[in-house]
Amino acid sequence: RAERALYDIQELADSTAEHHPYWALLYNCSQISKSILEKWNDELTEEDLSEIRWMISELENSCNKLKNKVDQDSRDK
């Protein structure tokens with residue numbers, strides 16, 4: 001069931017325009033979840049963890065961009 005729900009989320013991420021402000025958050029979260037579910041009954045390798053760390057850094061970058069936009073919008077009001 002979780003895999004089917006994740007598939008639906010990934011479809012949404014894939015069909016959402018990359019210029020949408022939340023696209024990177026949705027995409028990277030779904031990729032992290034996919035990686036974890038694929039290894040649910042196995043062990044994560046160092047390569048798996050490295051990829052997850054990279055996706056987390058992408059999430060942090062996206063959050064920072066969104067925060068900067070919110071901060072800028074607040075100053076413009």
Side-chain angles (χ1 to χ4, degrees):
R1 229 166 73 169
E3 287 182 58
R4 177 63 197 162
L6 180 57
Y7 176 79
D8 290 343
I9 292 169
Q10 286 181 297
E11 285 288 309
L12 177 62
D14 290 341
S15 66
T16 302
E18 288 186 26
H19 63 271
H20 189 283
Y22 305 144
W23 175 84
L25 292 174
L26 180 62
Y27 178 78
N28 286 297
C29 285
S30 68
Q31 289 300 107
I32 291 168
S33 298
K34 180 182 176 213
S35 296
I36 292 168
L37 282 175
E38 285 175 347
K39 296 289 185 135
W40 194 256
N41 294 316
D42 208 354
E43 299 228 359
L44 291 168
T45 65
E46 189 59 42
E47 183 178 343
D48 296 328
L49 292 172
S50 177
E51 289 178 15
I52 290 170
R53 281 188 201 102
W54 182 81
M55 288 182 263
I56 290 169
S57 73
E58 290 297 304
L59 285 170
E60 290 174 342
N61 290 337
S62 297
C63 284
N64 288 336
K65 286 179 186 176
L66 289 169
K67 182 175 180 344
N68 290 341
K69 182 174 180 353
V70 167
D71 291 347
Q72 182 63 44
D73 290 348
S74 294
R75 284 191 294 272
D76 293 343
K77 288 184 180 178

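Counting begins at 1 with the first residue of the sequence.
- Taking each heavy atom of Leu66 and Pro21 in turn, the nearest pair found is CD2-O, 3.7 Å.
- For the residue pair Ser62 and Leu25, the shortest heavy atom distance occurs at CB-CD2, 3.7 Å.
- Rounded to the nearest 0.5 Å, atoms CD (Glu51) and CD1 (Ile56) are 12.0 Å apart.
- Sorted by first and then second residue, the ring-ring contact (aromatic ring centres under 6.0 Å, His included) pairs with a member in residues 23-50 read Trp23-Tyr27; sequence neighbours excluded.
- Looking at Gln72 and Asp76, their side chains do bring a donor and an acceptor atom within 3.5 Å of each other.
- Taking the ring-ring contact (aromatic ring centres under 6.0 Å, His included) definition, one finds that Tyr7 meets it with nothing, sequence neighbours left out.
- Minimum interatomic distance between Ile9 and Ser30 (heavy atoms only, all atoms of both residues): CG2-CB, 3.9 Å.
- Residue pairs satisfying the salt bridge (charged side-chain N to carboxylate O under 4.0 Å, His left out) criterion with at least one member in residues 20-38, sequence neighbours excluded, are listed as follows: Lys34-Glu38.
- Considering CG of Asn28 and OG of Ser57, their distance stands at 8.0 Å, rounded to 0.5 Å.
- Sorted by first and then second residue, the salt bridge (charged side-chain N to carboxylate O under 4.0 Å, His left out) pairs with a member in residues 56-66 form an empty list; sequence neighbours excluded.
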Residue pair Thr45, Asp48: steps toward the side-chain hydrogen bond (donor to acceptor under 3.5 Å, both in side chains) verdict: CA-CA 5 Å; Thr45 65; Asp48 296 328; 3.0 Å; yes
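- Under the rule for a salt bridge (charged side-chain N to carboxylate O under 4.0 Å, His left out), the partners of Asp73 that lie at least two apart in sequence or sit in another chain are Lys69.
- Take Arg75 and apply the salt bridge (charged side-chain N to carboxylate O under 4.0 Å, His left out) test, not counting sequence neighbours, and it matches no residue.
- To the nearest 0.5 Å, the span separating CD1 on Ile52 from CG on Leu59 amounts to 11.5 Å.
- Checked by atom type and distance alone, the side chain of Ser50 never pairs as donor or acceptor with a backbone atom of Glu47 at under 3.5 Å.
- Within the model, atoms CG of Leu6 and CD1 of Ile32 stand 11.5 Å from one another, a figure rounded to the nearest 0.5 Å.
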